[in-house]
Student: 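The structure that follows is given in the form of structure tokens.
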Amino acid sequence: MDLDCLGSLILIKKIYSGYRLVRSSQIHPAARNLYNYYEALFDFISPKDLVKEHIDNIIIVDTCMAERVKEYFGYIHKSTPEIRIIDHHPTENCNILGAAIDKGCAGANTSLVGKLAIACGINLSAEEATIALTGIYADTGRLIFENVTRTDYEVAAWLIEMGASLKLVRSFLETVMEDDQIEVLNRIMMNKSAEVIQGHSILFSYLELDENINGLAAVVEKINEIENPDAYFAVFYLVKTKTVLLIARSRKEKIDLHYLLHAYGGGGHQAAASAKISDCDGISFLGRLKVHLENSLAPAVRARDIMTKKVYYINEKKTLLEASMYLEEVNHSGAPVLNEAGEITGFIDLKDIMKGRRASVMQSPVTAYMSKPVITAEGSVTMREVERLFYRHHIGHLPVTEDSKLAGIITRNDYLEYQIRRND
């Protein structure tokens, strides 16, 4: 049971008042603090309490995989219950036979259940709203991950109206607190490595541990937040049991971790997934993982993919007046300046022309007032590099070249529109 699972359960308890919540024997380390504070509010029963019960209906939240709930079904006898699943993970591989699946799209499972609660006119206490909002924030990166949908925002707003405490939510999400976690975080920060695979910026870390420790996922979340890669793959090798724990996080839809980790028997969703691989060598696995990513990842979007190919340019023999009239005609704020060989020699914009107008020298050649040298990018550079160029040089236009010749241009608006619609 992680934070999103607990958030889903507290809402299920309100919607279906005649049902009882059944506690899992496994509580995610990141959720233990919240669980300890609100255990009485959940009023869990144990799976063992199901032995003598006749079960008519079961609701499963935040998973559709039989192996995740087998601890419960082992205690259910002489019952053929109807099973309903509410899960925001991909459900195409659901192996819980006979279950009816509530399909929906949301970054957090709590949001799907919250939508039902809103439709039922449910009222929550401030504590219940806080638990649910913590679940949403945990699974959506505080509502900034790519998996966020309108439903997440709508349910989060409703929970705040119900009295959810953002201060408490924040405290429950600060999960890197134990000495063991801090030690692991420091060791990883000293030995992490970044590589570009298919144009994506991928962060890797490899760490050998004598045995598993609680809270590794929280450490991975913190490092992912600090480093901000396109995706992060943390490989932990447990020496005593010869077991690999793979924990991954992604910020791109093109890097679908549910799909990528399925090859190792892992699971999760697009932005967060994990896998456990037994009886293997850690270093060898890391090498195989990189080959797997090289073969499986779709290429990242590059400058040539979003550039405007029709470029309005100005010959360097033109005057400022001619350049001003041309920019007004094409409704542009600036344009690259080319020589007779088609090479970029500068960039002229309205601010440059205004300087000439103030000095009453509009008949001067554009070469006297254009900006140079020009910041350009090859068509093959990734969008992360494009972003860096805009940020570092404070430019509004980025000419794109192929074989040293002007091939297109990316404006700041082009880049922002790409960020809005991107699916990479």
Student: Are the side chains of Tyr418 and Val301 in contact, using a 4.5 Å heavy-atom criterion?
Tutor: yes
Student: Ser250 versus Leu257: any side-chain heavy-atom pair under 4.5 Å?
Tutor: yes
Student: Do Lys252 and Asp230 meet the salt-bridge criterion of a basic N to acidic O distance under 4.0 Å?
Tutor: yes
Student: Please examine the side chains of Glu195 and Phe204, heavy atoms only from C-beta on, and report whether any two atoms are closer than 4.5 Å.
Tutor: yes
Student: If we ignore hydrogens and angles and just use 3.5 Å, is the side chain of Lys405 paired with the main-chain N or O of Ala341 as donor and acceptor?
Tutor: yes
Student: Please tell me whether Ser125 and Glu128 have a donor and an acceptor in their side chains that are separated by less than 3.5 angstrom.
Tutor: yes
Student: As a quick check of understanding, evaluate ring-ring contact (aromatic ring centres under 6.0 Å, His included) for His89 and His258, giving each step before the final call.
Tutor: CA-CA 9 Å; His89 298 98; His258 176 74; 7.7 Å; no
Student: Got more than 12 heavy atoms from elsewhere within 6.0 Å of CG, Asn295?
Tutor: yes
Student: Roughly how far, to the nearest 0.5 Å, is the CG atom of Asn95 from the CD atom of Glu67?
Tutor: 5.0 Å
Student: Please report the C-alpha distance between Ser8 and Asn109 in whole Å, then the side-chain angles of each, then the deciding distance to 0.1 Å, and finally whether the side chain to side chain donor-acceptor pair (under 3.5 Å) criterion is met.
Tutor: CA-CA 6 Å; Ser8 300; Asn109 201 78; 3.0 Å; yes
Student: Quick one: does any side-chain atom of Thr411 pair with a main-chain N or O of Asp414 as donor and acceptor, under 3.5 Å?
Tutor: yes
Student: Could you walk me through whether Glu316 and Thr367 pass the side chain to side chain donor-acceptor pair (under 3.5 Å) test, one step at a time?
Tutor: CA-CA 6 Å; Glu316 65 178 9; Thr367 52; over 6 Å; no
Student: Hey, can you tell me if His397 and Phe347 have their rings parallel, tilted or perpendicular (30° and 60° cut-offs)?
Tutor: tilted
Student: What I'd like to find out is whether the side chain of Asp139 reaches to under 4.5 Å of the side chain of Thr110, using heavy atoms alone.
Tutor: no
Student: Leu173 vs Arg170, test: side chain to side chain contact (heavy atoms under 4.5 Å, CB included). Steps then yes/no.
Tutor: CA-CA 5 Å; Leu173 294 176; Arg170 184 168 60 249; 5.9 Å; no
Student: With distance as the sole test, does Asp352 use its side chain to make a donor-acceptor pair with the main-chain N or O of Asp349 at under 3.5 Å?
Tutor: yes
Student: Using atom types as modelled and distance alone, determine if a side-chain donor or acceptor of His332 lies under 3.5 Å from a backbone N or O of Gly334.
Tutor: no
Student: Do Asn224 and Arg251 pass the side chain to side chain contact (heavy atoms under 4.5 Å, CB included) test, and can you show the C-alpha distance, the side-chain angles, and the key distance before you say yes or no?
Tutor: CA-CA 9 Å; Asn224 191 50; Arg251 297 177 185 272; 3.6 Å; yes
Student: Please tell me whether Glu343 and Ser404 have a donor and an acceptor in their side chains that are separated by less than 3.5 angstrom.
Tutor: no
Student: Distance check, rounded to the nearest 0.5 Å: Ile60 atom CD1 versus Asp102 atom CG?
Tutor: 12.0 Å
Student: Does His262 NE2 have over 12 foreign heavy atoms under 6.0 Å away?
Tutor: no
Student: Look at the side chain of Thr130 and the backbone N and O of Ala126, then say whether any donor-acceptor pair between them is shorter than 3.5 Å.
Tutor: yes
Student: Between Glu340 and Asn315, do the side chains contain a donor N or O and an acceptor N or O under 3.5 Å apart?
Tutor: yes
Student: Looking at Glu387 and Arg384, is any side-chain nitrogen of the basic one under 4.0 Å from a carboxylate oxygen of the acidic one?
Tutor: no
Student: Set out, in order, the CA-CA distance, both residues' side-chain angles and the distance that settles salt bridge (Lys or Arg N to Asp or Glu O under 4.0 Å) for Asp281 and Lys242, then state yes or no.
Tutor: CA-CA 7 Å; Asp281 176 73; Lys242 296 183 179 179; over 6 Å; no
Student: Check Lys290 with Glu294, please: is the shortest side-chain N to carboxylate O separation under 4.0 Å?
Tutor: no
Student: Kindly state whether the ring of Phe285 and the ring of Tyr264 have centres lying under 6.0 angstrom apart.
Tutor: yes
Student: Between Tyr153 (side chain only) and Leu143 (backbone N and O only), is there a donor and an acceptor less than 3.5 Å apart?
Tutor: yes
Student: Check the pair Arg20, Asp43 against salt bridge (Lys or Arg N to Asp or Glu O under 4.0 Å), reporting the backbone distance first and the verdict last.
Tutor: CA-CA 8 Å; Arg20 295 299 304 274; Asp43 190 24; 3.4 Å; yes
Student: Indicate whether the side chain of Ser205 and that of Arg187 have a donor and an acceptor atom separated by less than 3.5 Å.
Tutor: no
Student: Please say whether more than 12 non-hydrogen atoms of neighbouring residues, nucleotides or ligands are located less than 6.0 Å from CZ in Arg68.
Tutor: no
Student: Rounded to the nearest 0.5 Å, what's the gap from CG on Leu338 to NZ on Lys318? Could you check?
Tutor: 13.0 Å
Student: Is the closest side-chain donor-acceptor distance between Ser111 and Asp152 under 3.5 Å?
Tutor: yes
Student: Work out which heavy atom in Ala275 is nearest to a heavy atom in Gly266; give both atom names and the distance.
Tutor: CB-CA, 3.6 Å
Student: Taking the side chain as everything from C-beta on, heavy atoms only, tell me whether Val386 gets closer than 4.5 Å to Thr382.
Tutor: no
Student: Mark yes or no for whether His88, through its side chain, and Ala106, through its backbone, hold a donor-acceptor pair below 3.5 Å.
Tutor: yes
Student: Give the C-alpha distance, both sets of side-chain angles, the deciding distance and a yes or no for side chain to side chain donor-acceptor pair (under 3.5 Å) between Glu71 and Ser24.
Tutor: CA-CA 8 Å; Glu71 62 176 312; Ser24 171; 2.7 Å; yes
Student: Does either side chain, that of Asn214 or that of Arg32, offer a donor lying less than 3.5 Å from an acceptor on the other one?
Tutor: no
Student: Looking at Thr243 and Thr241, would you say the former's side chain and the latter's main chain have a donor-acceptor pair under 3.5 Å?
Tutor: yes
Student: How about Tyr259: does its OH atom have over 12 heavy atoms from other parts shown lying under 6.0 Å from it?
Tutor: no
Student: Are any of the side-chain heavy atoms of Phe236 and Val220 separated by less than 4.5 Å?
Tutor: yes
Student: Is the closest side-chain donor-acceptor distance between Thr345 and Asn339 under 3.5 Å?
Tutor: no
Student: Any side-chain heavy atom of Asn186 sitting closer than 4.5 Å to one from Ile182?
Tutor: yes
Student: Treating Lys192 as the side-chain partner and Met189 as the backbone partner, does any N or O pair qualify as donor plus acceptor under 3.5 Å?
Tutor: yes
Student: So, Glu39 versus Tyr37: side-chain donor-acceptor pair below 3.5 Å or not?
Tutor: no
Student: For Met325, look at atom CE and say whether over 12 heavy atoms of other residues, nucleotides or ligands are found less than 6.0 Å away.
Tutor: no
Student: Roughly how far, to the nearest 0.5 Å, is CG of Leu112 from OG1 of Thr149?
Tutor: 7.5 Å
Student: Give the intermediate values and the outcome of side chain to side chain contact (heavy atoms under 4.5 Å, CB included) for residues Thr376 and Val400.
Tutor: CA-CA 6 Å; Thr376 64; Val400 180; over 6 Å; no
Student: Any heavy-atom pair between the side chains of Tyr313 and Val337 that's under 4.5 Å?
Tutor: no
Student: OG1 of Thr63 to CD1 of Ile85: how many Å apart, nearest 0.5 Å?
Tutor: 8.0 Å
Student: First locate atom CG of Leu124, then atom CG of Leu133, and finally report the distance between them rounded to the nearest 0.5 Å.
Tutor: 11.0 Å
Student: Any donor-acceptor pair under 3.5 Å linking the side chain of Arg412 with the backbone of Ile395?
Tutor: yes
Student: Surrounding CG of Asn36 (heavy atoms of other residues, nucleotides or ligands, distance under 6.0 Å), is the total greater than 12?
Tutor: yes
Student: I would like to know whether Ile353 and Leu327 meet side chain to side chain contact (heavy atoms under 4.5 Å, CB included); could you show each step before the answer?
Tutor: CA-CA 10 Å; Ile353 292 173; Leu327 290 177; 3.8 Å; yes
